[in-house]
Each structure stands twice: as C-alpha cells, then as structure tokens.
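Quick notes on the structure that follows.
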Number of protein chains: 2
Amino acid sequence: MPQPRKRATIREVAKATGLSPAAVSYALRGMQVSGETIERVRRAAAELGYEADPIARALASGRTGMIGLLCGSLEDLWQQALAVGIGRALKDNDRYALILDAAGDPARERTLAGQLRDQRVDALIVQPVDPASPFWASMCESLPVVAIGDALAGARTAGEVVFDNRTGVTLSLEHLGDRGHRRIAVLTPTRDSTPDRPADVHVLAEAERLGLDIEVVTAPQALADATEAADRALAAGHRAFFCFADSIAYGVYAAAAGRGLAIPGEVAVMGYDDHPMSGLLSPGLTTVDWDIDGIVRAAVRMVVGAVDGRPHRRRIVQSPHLRERGSVGSG
Amino acid sequence: MPQPRKRATIREVAKATGLSPAAVSYALRGMQVSGETIERVRRAAAELGYEADPIARALASGRTGMIGLLCGSLEDLWQQALAVGIGRALKDNDRYALILDAAGDPARERTLAGQLRDQRVDALIVQPVDPASPFWASMCESLPVVAIGDALAGARTAGEVVFDNRTGVTLSLEHLGDRGHRRIAVLTPTRDSTPDRPADVHVLAEAERLGLDIEVVTAPQALADATEAADRALAAGHRAFFCFADSIAYGVYAAAAGRGLAIPGEVAVMGYDDHPMSGLLSPGLTTVDWDIDGIVRAAVRMVVGAVDGRPHRRRIVQSPHLRERGSVGSG
DNA sequence: GCAGTTCGGTGAACCGTTTCAGTGAACCGC
DNA sequence: GCGGTTCACTGAAACGGTTCACCGAACTGC
C-alpha cells in the first residue's frame, strides 16, 4: 500500500506569499486581484509545485471541467470511433472527456448517467440507448445534455445531433428492394428490453410500404456475437441482410465466409453507419454513411457552448447518403 | 443554466434516524454498528433518496472505487478493443474504468497519469507510450500501477502484463525473410520524440541478423494517416511491409488498393496484434496475435488484487504466435 | 470636502463525507 | 463489586478548495 506523496496545499502557498488562501484562489484563476499579486502567486505556486486539487475544487465549486460521454455500446466500432473523435475534439477545446459504456443496457445507461452527474461533470454527451425514458427530463434539469442519434423525448436538452434514420432506413430498404431482395433479415442491436426506437418502428412501416418480408433479429455488435447471430439467420435460410450497424454487417461477412457463401453472389449485406473499415473489405460494404467528423464537431460545439453559456445551435439533423460498394448484388 | 436538484445529505439521514452523521456513515458501509441500526439507516436513506456523494467521499477518504485506464493511442483499433474489454471486465468486478487517451504523446501521457492520480483513482492501468520515463517510479509510489505491453523501467509496479515483443518481432521478420522479402518498410507508431522502445531496438538487431534491408517509417494508427504513410512508402518503391499494429496494416491495404496493387501478389503485408477485423479482409492479414482476453483478465486480476490488498501474480509474459492468413506472398 | 464607487484583499463559512479519539453502558470473569 | 473488554455510538477535526459578506484605502464627481 504505497503512501501518497504529500502535495502542497493552497494554505502553504498563502503562507509563502503572505496572502490569504482566498486571495491565492482568486489569483490563480485571475479574478479580482492585481496583476502584480497574480504574478507573485504564480511564482510561489510553481516553486512549491502547487496545483489545485481537482476533487476539493469539485466539492467546493460543483464544477470539474470534465464532460461526460455516455456511449450506447462500445462494442460497436463506429461508436468507438465516435467516442475517440469526441475525446480528441474535447481535448482540443482544453476539456477532458469521461467515457463510459452503457453496453446497450437502458438500466445501466441510467445508472451511469446518474453517476456522471454525481461526479460533477459540467455537461453530458449521450448517445441514448433508451431515448424515450422520462429519466432524461430530470437529467436535463441538473446539467446540460447533448444527445447524439435520437432526440430525448420530452427533455430540454442543451442540443441534439439527430440522425435522420427515417431516410437512412428508407434508402437501405429501397436499395435492397431495388436489387430484387424481398425476404430480408434485419439485424439490430436493440435489446428486447428497450422500447422500440423510432428507427425500428420505421423499418416496419417501410417494409410494409415496399412489400418486403422482413424478420427482425437481435444481434450484438461484438464481432463474435454478431457472427453467431448472422450464422443462425443464414441457417434459417436468410440470404439478404439489413444490419443496423456496420459492426453487425462484419459478422455477416464472417458467417458467410464460414459457410462458404459468396458476397454479393449468394448473400446480400447492407450496413449502416460507414465505419472506415467498411471500405477495406472485399467486396466493400454497401452502407449508409453519417458524417462522423461533422457529428463530432457539432456535438462538441454544442456542449462547449452550453457550458460556457454561449448561444449555439440546439439542433442539427444529419442526413445520410447511400454508400454503394458492392455487397448487395441482385437477388 | 439548470439548477442542480437538491440532494439529501448524510446529515438529513442522521436527523431522520436520530443518529450522528458518523453513525450513518458507518452503518451504510456496514461497520461497527448493530444490525438493527443498519436496517433503520438503510430504510431512512432509501426513503430520502440518499446516496453518498462520490466527490465528498473521495475528498475525505482519498478513494473513489474507480480505476484509471491510460491508453497509448486510441486511434489503434486493437487498443480500442483492449480498452473496451478492460472496461467491461472491471464492470464485472463492480468497478468503474476511467478511460483516457495519451494519443501517442509521452508528455500527454505524463499529464494524464498525474490527473488520474489527482482524481484519486484507486489504481492505474497503463499501456505506456514511454515506458522508460523516470516519471513512472514516482507514480508507483503513490498508487498501484499495472503496466500492459512494456514493463516500466525502474518502477515498483503492482503488476505487469508484458508482451514478448522480441519473439513477436523475430517471428514477423523471419516470416517476411523466409518468403524472400529482403527490403522491408517497418511502419511503427512510435513518435520521434519517444525514446526507442525495446521492440524498436530489437527490430534493428533482428534485421541485421537476418540480413534484411529495412527502413523505419513513422505511421499513425488512424486509417487515413496510415494510408497516407503507406502510400508514400509505396511511392518510394517499397513492396514489403512490417506494420507494428494491425491498424497500420489496414492503411497498407487501402494504399495498395488505391494504386491498384494486389496483396499478396505485388505487395506483402505483415500486421501485429491480431484485431478481429484482420481475419475479415481479403486476403486475411498475416499477423502476430496476442491473447487479448488473457491480457484483459490478467490485468484486471492484478489491479483488483492490488487494490484489495490480496496477493496476486505480479508479472505475466504474453507469447505471440504467427497467425498466417495470406497477406505475405513470396517476393 | 463629502457621499459614492471601485479596487484589492481578508475571515470564516461551507461543500458532504470519513475517521480519529473518546464515552457511557453493558457484559465478563472472578 | 471491581478492573477490563467489548459494543454502539458521538463530536469534532480533517480533506482542500471556493465563495460570500465585509472592510479599509484610494479614487471619483461635484
């Protein structure tokens, strides 16, 4: 059990400069003190190796300078990329991200969001698993929340970067339909316990409109799990897949390879999200792309704006495009 | 600016139960109080919706129950997978991971490690960018540190999961040599500012031994950057690549495709790490694999053991195997 | 020359826990 | 019935900052 090295406290800096702790506190944050004093305090602090204790600061001020990032499921490569991107963008804004993983579980999502609040994060960015939960309304009461993906129902968010999933779904299903696929397995990460998301509901509506025969199958995004789910669907005779995440589509590639089935000759696959790896597969994965850099920038601008109390756009809708690469042949 | 909902404090619970705050504190942690009182306190706490404030708790006790995870570079897909894996494994041990990204920068690594200490994480897991820094010794004085990858020089770590990079490098270079490749571009994420890591040094020694003509090129792990670096190497006439991360090898695939060069016919590529996606490419990426689940389990066991003061293995060496998939033809 | 500001700074309360050093009562053996 | 433990609990001091209320001195306008 190593003992923590004793750090200098604000009182020691005060003693060294002959000022009160309060003055030191103000000086180091550049408030209400003369320039000459600030310089003196800076010097003394540097000499003593003093740096304000973030925990004590958080307790007293209620702020931390950190921003919570609550991801829906970090098994998903695209969401991993999003998290990394947001982390780096926040760093460029001199802020730190606290990244947590809801693992696709609505209950866990609520727990973690509450913990981030208790940790005094200045704001929260969330890619909600369960956007319909009334919990979000109370969350938005206590700190600025920026939602990515789906808007939070009935909550006063500080901003939202909404994906136009209706268009995304329509593009995907139409593409499959145009290529002659009528019986389609829809692989979605949504857990049974999650209330139907707008996107999922829209899948049913569009399938009806286009006269498609679909079966919705739950598939986790981790490659091994997705492969297993895809393999079961292949065993059940499915040959056309609409995957609600590129990560899941990768599982279809793996499962098809395992059964010696060729893509796109014998199996058709559509992804959703456009992860960088999707362009590297053979054939490339046909998918629907979101502008991930744009999403990152928008979310970070919103959250930083909200924290600093600056005006900012509260709502941006991301439109998808079909990225055709060859994984959907004619059926 | 939303106002934080007022939460119940320990004093209110004390008042409600007619006990002192100290008694409540003890009761909720099941220490030194009668079972009947514990039950009474529990009930009152539940009724008031009381939960101990983690920040105040951290300030008073110096502990948080969180474990810091400092990654070398989260641009790397394999490291992303490792981070996610560790996060989930810690969750299974009822602990939370605080994930930070050093972005390949030794200075940033030191800064972030210090911040995690200041945040009172109970322990730190680090995949060091700069394992030779004397900084780690002082870090290990103030909290348990578990190192993944390279051992920390001159530091009393709580544990280390060391990769046998010597063997990994030897396997890789021998494989390339056996297939008749003599002139090899080594793509490594190591920044110029980083002191040479043992693995990098070993590359030079082994190249010498095997009579290979190598050129070391710095390449970031982000796909776009790796592709660019690989493209420059291709332009310089390189046709055989040893990439020090699968993520970098993906860049070679992309660059080769961009120039219409076939793998393995015209370009040979070796990866390092074995990310799940590597098996999905065509041809599959020949690489050196580490048992990522084993690494996760070992690191988590070590860190949890160190925090709980239980005895645990302090050092595990991971041995690599060659995972031949077809991306290295005969040159 | 006097009320009214502004400036630079102080003292003390406060944030919400944990923990150390007691303390009174019950219980023990003898 | 007496010293010695144990038990269940209390009071107050940390932990290391921030912030509020206030204060004297130096300006300001008139």
Side-chain angles (χ1 to χ4, degrees), chain A residues 1 3-42 44-45 48-66 115 117-122 142, chain B residues 3-42 44-45 48-66 114-115 117-122 142:
Chain A
M1 200 75 15
Q3 78 285 349
R5 183 171 55 89
K6 201 68 188 163
R7 284 172 42 126
T9 78
I10 201 173
R11 277 172 249 269
E12 301 178 43
V13 179
K15 192 150 296 175
T17 51
L19 292 167
S20 69
V24 174
S25 174
Y26 288 130
L28 288 175
R29 286 173 299 150
M31 301 162 59
Q32 309 188 30
V33 275
S34 71
E36 189 241 349
T37 305
I38 289 183
E39 196 42 47
R40 191 153 50 99
V41 171
R42 284 244 172 84
L48 285 138
Y50 170 78
E51 268 185 273
D53 182 325
I55 295 288
R57 193 199 285 272
L59 181 59
S61 73
R63 257 167 283 123
T64 55
M66 310 196 101
Q115 276 175 11
R117 179 195 351 94
D118 294 350
Q119 287 290 337
R120 312 287 202 284
V121 295
D122 293 353
S142 34
Chain B
Q3 80 283 348
R5 182 171 55 91
K6 201 67 185 164
R7 284 171 43 126
T9 78
I10 202 171
R11 274 175 256 272
E12 300 178 45
V13 179
K15 192 150 296 175
T17 51
L19 292 166
S20 70
V24 174
S25 173
Y26 288 130
L28 289 175
R29 287 173 299 151
M31 301 160 59
Q32 308 186 29
V33 277
S34 73
E36 190 241 348
T37 305
I38 289 183
E39 196 41 48
R40 191 152 50 99
V41 171
R42 285 245 172 82
L48 285 137
Y50 170 79
E51 267 185 272
D53 181 327
I55 295 287
R57 192 199 283 271
L59 182 60
S61 73
R63 258 167 284 123
T64 55
M66 311 196 100
Q115 277 177 9
R117 178 191 357 92
D118 295 351
Q119 288 290 336
R120 311 286 202 283
V121 294
D122 293 353
S142 35

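Numbered from 1 within each chain, the chains take letters A, B, ... in sequence-line order. Keep in mind the model is a prediction, meaning the values are calculated, not measured.
When all heavy atoms of B:Ser20 and B:Ala14 are compared, the closest pair comes out as C-CB, 3.8 Å. Nearest heavy atoms, A:Ala8 versus A:Leu48: CB-O, 3.7 Å.
With axes fitted over five pairs at each extremity, the angle between the ends of the helix from C:dG1-D:dC30 to C:dC30-D:dG1 is 20° (10° resolution).
The distance from atom CZ of B:Arg29 to atom P of C:dT17 is 11 Å, rounded to the nearest whole Å. Put simply, CE on A:Met31 is 13 Å from P on C:dG8, counting in whole angstrom units. Distance A:Asp118 CG to C:dC15 P: 17 Å, rounded to the nearest Å. Taking atom CG on A:Leu28 and atom C1' on D:dT18, their separation rounds to 12 Å, with Å as the unit. Nucleotide C:dT18 holds its C1' atom 9 Å from the CZ atom of B:Arg63, rounded to whole Å.
Atom CZ of A:Arg29 sits in a crowded spot, with more than 12 heavy atoms from other residues, nucleotides or ligands closer than 6.0 Å.
Judged by distance alone, with hydrogens and angles left aside, the side-chain atoms of A:Arg7 form no donor-acceptor pair with the main-chain N or O of A:Tyr50 at under 3.5 Å. The backbone N or O of A:Val13 sits less than 3.5 Å from a side-chain atom of A:Thr17, completing a donor-acceptor pair. Without hydrogens or angle criteria, A:Asp122 side chain to A:Gly65 main chain gives a donor-acceptor distance under 3.5 Å.
Remark: A:Ala56 pairs with A:Asp53, B:Leu59 by the side-chain contact (heavy atoms from CB on, under 4.5 Å) rule, at least two apart or across chains. Take A:Ile38 and apply the side-chain contact (heavy atoms from CB on, under 4.5 Å) test, not counting sequence neighbours, and it matches A:Ala27, A:Val33, A:Arg42.
Residue pairs meeting the salt bridge (charged side-chain N to carboxylate O under 4.0 Å, His left out) criterion with at least one member in residues 8-21 of chain B, sequence neighbours excluded, do not occur.
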Could you write out each protein N or O paired with an N or O of nucleotides 14-16 of chain D at a distance under 3.5 Å?
residue : atom : partner : partner atom : Å
D:dG16  : N7   : A:Arg11 : NH2          : 3.2

Can you check nucleotides 9-12 of chain C for protein contacts, nitrogen or oxygen pairs under 3.5 Å, and list what you find?
residue : atom : partner : partner atom : Å
C:dG9   : OP1  : A:Thr37 : OG1          : 2.7
C:dG9   : OP2  : A:Ser34 : N            : 3.2
C:dG9   : OP2  : A:Thr37 : OG1          : 3.2
C:dT10  : OP2  : A:Ser20 : N            : 3.0
C:dT10  : OP2  : A:Ser20 : OG           : 2.9

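B:Arg120 contributes atom CZ, which lies 9.0 Å from atom OG of B:Ser61 (distance to the nearest 0.5 angstrom).
Between A:Ser25 and D:dT18, a side-chain N or O to OP1/OP2 separation shorter than 4.0 Å is present.
Two residues are said to be in side-chain contact when any heavy atoms from C-beta on lie closer than 4.5 Å; A:Glu51 and B:Gln115 fail this criterion.
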